[in-house]
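Read through the structure below, which is laid out as structure tokens, and then see the notes.
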Amino acid sequence: MIRINDIIDKVAENHPGSDLSIIERAYIYSARVHHEQLRLSGEPYLSHPLEVAGILADMKMENISVAAGLLHDVIEDTHATSEEIKDLFGPDIFRIVSGVTKISSLPLKSSQERQAESIRKMILAMADDIRVILIKLADRLHNMRTLQHHSEEKSRSIAQETIDIYASIAARLGIYWIKNELENIAFMYVLPDEYGNIKNFVNREREEREKYIRRTKRFIREKLEENNLKGEVSGRYKNYYSIHQKMIKQNLTFEDVYDIIAFRIILDTIPQCYEALGLIHSLWRPIAYKFKDYIGFPKPNMYQSLHTTVMGPTGDRIELQIRTQEMDHVARSGIAAHWSYKEGSRIDETVSKKFAWIQNLVENQEDFSNPSEFMENVRIDLFPDDVYVFTPRGEIKTLPKGATPVDFAYLIHTEVGNQCSGAKVHGRMVPLQYELKTSDVVSIITSKKHHPSKDWLNFVKTVKARSRIRQWIKTQEKDKSIVLGREMCEKEFQKHRLNFTVEVKSDRMTEVVAHFGFKTVDDLIASVGYGKITPLQIVGKVVPKSESDTLQESIIHKLIGRVKKKKPNAGVVVKGLDDVLLKFGKCCQPVPGDPITGYITRGYGITIHRTNCVNALKVNPERQMEVEWSKKITETYPVKIRVRSYDRVGLLADIAEGISKNGANILYASTETKDIRDVDSFFTISVENIEHLRRVLSTIKKVKHVQEVKRIA
């Protein structure tokens with residue numbers, strides 16, 4: 001366990017003259033309130049805040065951040081109160097600790113909702129004081145280092161969240177050493193077989209590769225010295241997760257991944273970087289489309305470097321990064337390298353502007369109340385690859401890779417996006433789904449008669465565009481639903497000799513609106529138009545209770561026209577009802593264990609989707625219903641999988657055997673040979689639940705020559 005004196009010494013070295021007593025006081029307080037608490041490993045709980053503080057000291061953070069790191073868990077896990085922290089350590093530390101604290105005490109409906117709200121709170125706090133996320137990253141890093149003490153299921157869940165959220169945030173902040181370590185550890189738990197395979201492949205020829213690294217470094221140094229350039233040259237292995245990602249994205253085998261080793265040249269000045277680039281290109285033939293100038297076009301997280309790939313001395317490709325000492329410091333530490341917090345001061349305004357994306361992240365999440373939708377859009381916002389395009393006036397705009405002119409239009413202004421009817425790139429008309437590239441000059445054609453299309457949701461990449469399109473569609477649907485709902489209510493009220501126009505203005509209707517949880521009468525009427533509430537339910541609340549007893553009818557009954565009993569053991573419960581017409585979405589094929597949600601489909605009952613299904617996210621949230629898997633499930637469910645492998649005699653038989661010996665039935669099978677070696681096999685199998693599916697996939701992965709197995713629906 002790291003010692004507090006070591007931490008204090010690091011802070012004193014990095015920040016001479018700072019008040020170190022606040023770190024000592026935070027340590028003593030943390031030790032007192034965490035007394036007798038143990039971690040799952042059996043170690044004293046105090047070891048965790050000490051390790052977090054140590055990581056922050058390694059990041060060269062100042063005394064306030066390190067002290068807050070020592071206290072980051074006290075409000076959540078001990079008897080310490082917010083008021084006590086504020087009184088003892090001041091408003092700065094209180095604000096940071098409060099931002100890091102999860103919301104586990106709130107009465108939320110599900111762990112998924114709790115996770116979403118915790119992430120939401122963290123993002124808001126991060127916008128106010130970015131030290132919140134730096135401490136959270138240090139906290140998550142130490143927790144990942146000790147993840148082996150959790151159950152397999154819990155470890156996998158934490159690891160997946162780490163890849164989706166925390167590693168992406170570390171990348172956006174430019175703290176790549178944390179990003180790489182988080183990804184590598186998480187990869188080991190999320191996909192243990194793939195991790196083990198890549199680790200074995202890398203280690204198998206490590207001695208030969210070490211010789212290759214030494215030989216290549218010598219070539220580079222000699223070329224630099226010939227031209228009087230003094231610089232550091234290093235070679236390193238890429239992390240296992242990035243190798244895995246490359247294999248998946250480019251459909252490669254490990255043997256085909258050429259750049260598992262990357263070289264770095266560090267010089268003193270920017271002109272020297274460009275000179276070294278020219279020397280490398282004169283030494284080995286460059287691959288044109290592999291060159292990127294992040295010095296001229298820095299990434300939003302302030303990362304700068306020249307990237308190039310060349311054909312090396314043995315005919316293999318070599319990936320190189322060329323940068324200055326200062327750029328290397330920023331590449332290692334990200335925003336922490338620009339830290340200017342002193343006692344009582346704020347971060348440098350110029351640095352704040354560089355990280356304006358954090359404020360955009362906050363603004364983009366305000367419109368999303370659905371937890372799964374919120375989490376999906378956070379992942380989109382944290383997507384690390386960017387393109388840089390120009391407005392007709394020459395302003396640079398940053399968009400995620402794959403963004404379209406529609407995304408660009410909404411980035412300019414919501415009205416420009418809503419009225420976008422066409423786009424030009426470099427003066428030529430392009431389709432609205434055209435994927436923008438770095439250096440494109442984009443102009444948008446607008447028309448007041450033009451409106452957003454639901455089809456745009458199929459290709460836009462930014463959260464802002466997605467949310468504004470859905471907002472417009474929702475407004476249009478609400479207007480139509482109010483008209484339809486009013487007609488339905490008028491007819492139903494007439495059947496019971498009531499005047500809806502009169503009743504809608506009465507005090508009783510105000511009580512009905514509140515009873516159903518709406519703010520206005522229009523919201524209530526729109527809900528009738530959506531099919532979520534029936535006019536008969538409203539009548540039942542308006543007429544006297546003695547009469548209403550004979551009028552009440554289930555919303556679901558009205559929805560499907562007649563009462564249709566769901567077949568026994570259908571596996572899903574809708575708000576505890578047993579008479580719901582259900583169907584499962586063919587687009588995502590949920591199985592027990594998948595997080596699910598239901599959507600009203602007029603005339604067809606409720607369709608069950610996985611919560612992260614793309615089609616489900618397009619549906620108006622007003623049509624959403626709460627559903628859950630029944631505890632008594634006896635059915636099996638179809639799932640589509642794809643197996644990518646090298647072709648060989650008996651391959652299909654071995655895969656089929658792996659499926660059947662796990663008790664899964666094959667409903668459909670087909671193969672597609674891509675070339676002489678590669679073959680894709682597609683299966684639809686029936687499984688009992690998500691764990692059953694994992695067992696099947698794990699068995700298939702062990703079949704000889706199988707490269708990848710994944711669920712595709």
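No experiment lies behind these values; they were computed from the predicted model shown.
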Between [X] and [Y], is any pair of side-chain heavy atoms under 4.5 Å apart?
{"X": "Tyr410", "Y": "Trp456", "answer": "yes"}
{"X": "Ser443", "Y": "Pro392", "answer": "yes"}
{"X": "Thr404", "Y": "Leu432", "answer": "no"}
{"X": "Gln537", "Y": "Phe516", "answer": "yes"}
{"X": "His496", "Y": "Leu536", "answer": "yes"}
{"X": "Met488", "Y": "Ile525", "answer": "no"}
{"X": "Asp92", "Y": "Arg131", "answer": "yes"}
{"X": "Val406", "Y": "Val460", "answer": "yes"}

Criterion side-chain contact (heavy atoms from CB on, under 4.5 Å) on Phe89 and Leu71, from CA distance to verdict: CA-CA 10 Å; Phe89 299 100; Leu71 299 168; 3.8 Å; yes

Roughly how far, to the nearest 0.5 Å, is [atom2] of [Y] from [atom1] of [X]?
{"X": "Lys505", "Y": "Thr510", "atom1": "NZ", "atom2": "OG1", "value": "12.5 Å"}
{"X": "Thr636", "Y": "Leu667", "atom1": "OG1", "atom2": "CG", "value": "7.5 Å"}
{"X": "Ile412", "Y": "Thr446", "atom1": "CD1", "atom2": "OG1", "value": "12.0 Å"}
{"X": "Arg486", "Y": "Phe493", "atom1": "CZ", "atom2": "CZ", "value": "11.0 Å"}
{"X": "Lys461", "Y": "Leu436", "atom1": "NZ", "atom2": "CG", "value": "11.0 Å"}
{"X": "Arg466", "Y": "Arg470", "atom1": "CZ", "atom2": "CZ", "value": "8.5 Å"}

Derivation and outcome, side-chain contact (heavy atoms from CB on, under 4.5 Å), residues Val512 and Leu524: CA-CA 9 Å; Val512 173; Leu524 176 66; 4.0 Å; yes

Please find the pair of heavy atoms, one from [X] and one from [Y], that lie closest to each other, and give the distance.
{"X": "Ile608", "Y": "Pro590", "answer": "O-CG, 3.8 Å"}
{"X": "Glu492", "Y": "Pro535", "answer": "CB-CB, 3.5 Å"}
{"X": "Ile538", "Y": "Cys489", "answer": "CD1-SG, 4.1 Å"}
{"X": "Ala68", "Y": "Ile135", "answer": "CB-CD1, 3.6 Å"}
{"X": "Gly593", "Y": "Ile690", "answer": "CA-CG2, 3.7 Å"}
{"X": "Pro638", "Y": "Val591", "answer": "O-CG1, 4.3 Å"}

Okay, side chain of [X], backbone of [Y]: is any donor-acceptor separation there less than 3.5 Å?
{"X": "Thr391", "Y": "Glu395", "value": "yes"}
{"X": "Ser98", "Y": "Phe94", "value": "no"}
{"X": "Asp77", "Y": "Val74", "value": "no"}
{"X": "Arg610", "Y": "Ile596", "value": "no"}
{"X": "Gln589", "Y": "Lys640", "value": "yes"}

Is it true that [X] and [Y] make a salt bridge, defined as a side-chain N closer than 4.0 Å to a carboxylate O?
{"X": "Asp594", "Y": "Arg711", "result": "yes"}
{"X": "Lys401", "Y": "Glu435", "result": "no"}
{"X": "Glu153", "Y": "Arg156", "result": "no"}
{"X": "Lys437", "Y": "Asp440", "result": "no"}

Thr520 versus Asp523, side-chain donor and acceptor atoms under 3.5 Å: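 Indeed, the side chains of Asp523 and Thr520 share at least one donor-acceptor pair under 3.5 Å.
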
Side-chain H-bond candidate by donor/acceptor type, Glu415 with Gln419, under 3.5 Å: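 Their side chains do contain a donor-acceptor pair, which is all the 3.5 Å distance test asks for.
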
Chi angles and distances behind the ring-ring contact (aromatic ring centres under 6.0 Å, His included) call for Tyr637, Phe584: CA-CA 10 Å; Tyr637 298 80; Phe584 290 89; 5.6 Å; yes

Step-by-step side-chain contact (heavy atoms from CB on, under 4.5 Å) determination, Val430 to Lys424: CA-CA 6 Å; Val430 295; Lys424 291 182 178 180; over 6 Å; no

Asn499, CG: over 12 other non-hydrogen atoms inside 6.0 angstrom: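 Atom CG in Asn499 is packed in, count exceeds 12.
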
Partners meeting ring pair (Phe, Tyr, Trp, His ring centres under 6.0 Å) with His72 (sequence neighbours left out):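 His72 satisfies ring pair (Phe, Tyr, Trp, His ring centres under 6.0 Å) with His48 once adjacent residues are dropped.
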
Residue list, ring pair (Phe, Tyr, Trp, His ring centres under 6.0 Å) with His515, at least two apart or on another chain: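 His515: no ring pair (Phe, Tyr, Trp, His ring centres under 6.0 Å) contacts found.
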
Chi angles and distances behind the salt bridge (charged side-chain N to carboxylate O under 4.0 Å, His left out) call for Glu511, Lys541: CA-CA 9 Å; Glu511 294 173 3; Lys541 294 298 176 184; over 6 Å; no

Positive for side chain to side chain contact (heavy atoms under 4.5 Å, CB included) with Pro405, one of Ile445, Ile444, Val389: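 Result for side chain to side chain contact (heavy atoms under 4.5 Å, CB included) with Pro405: Ile444.
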
Check against side-chain contact (heavy atoms from CB on, under 4.5 Å), Arg95 and Val132: CA-CA 9 Å; Arg95 184 177 64 250; Val132 168; over 6 Å; no

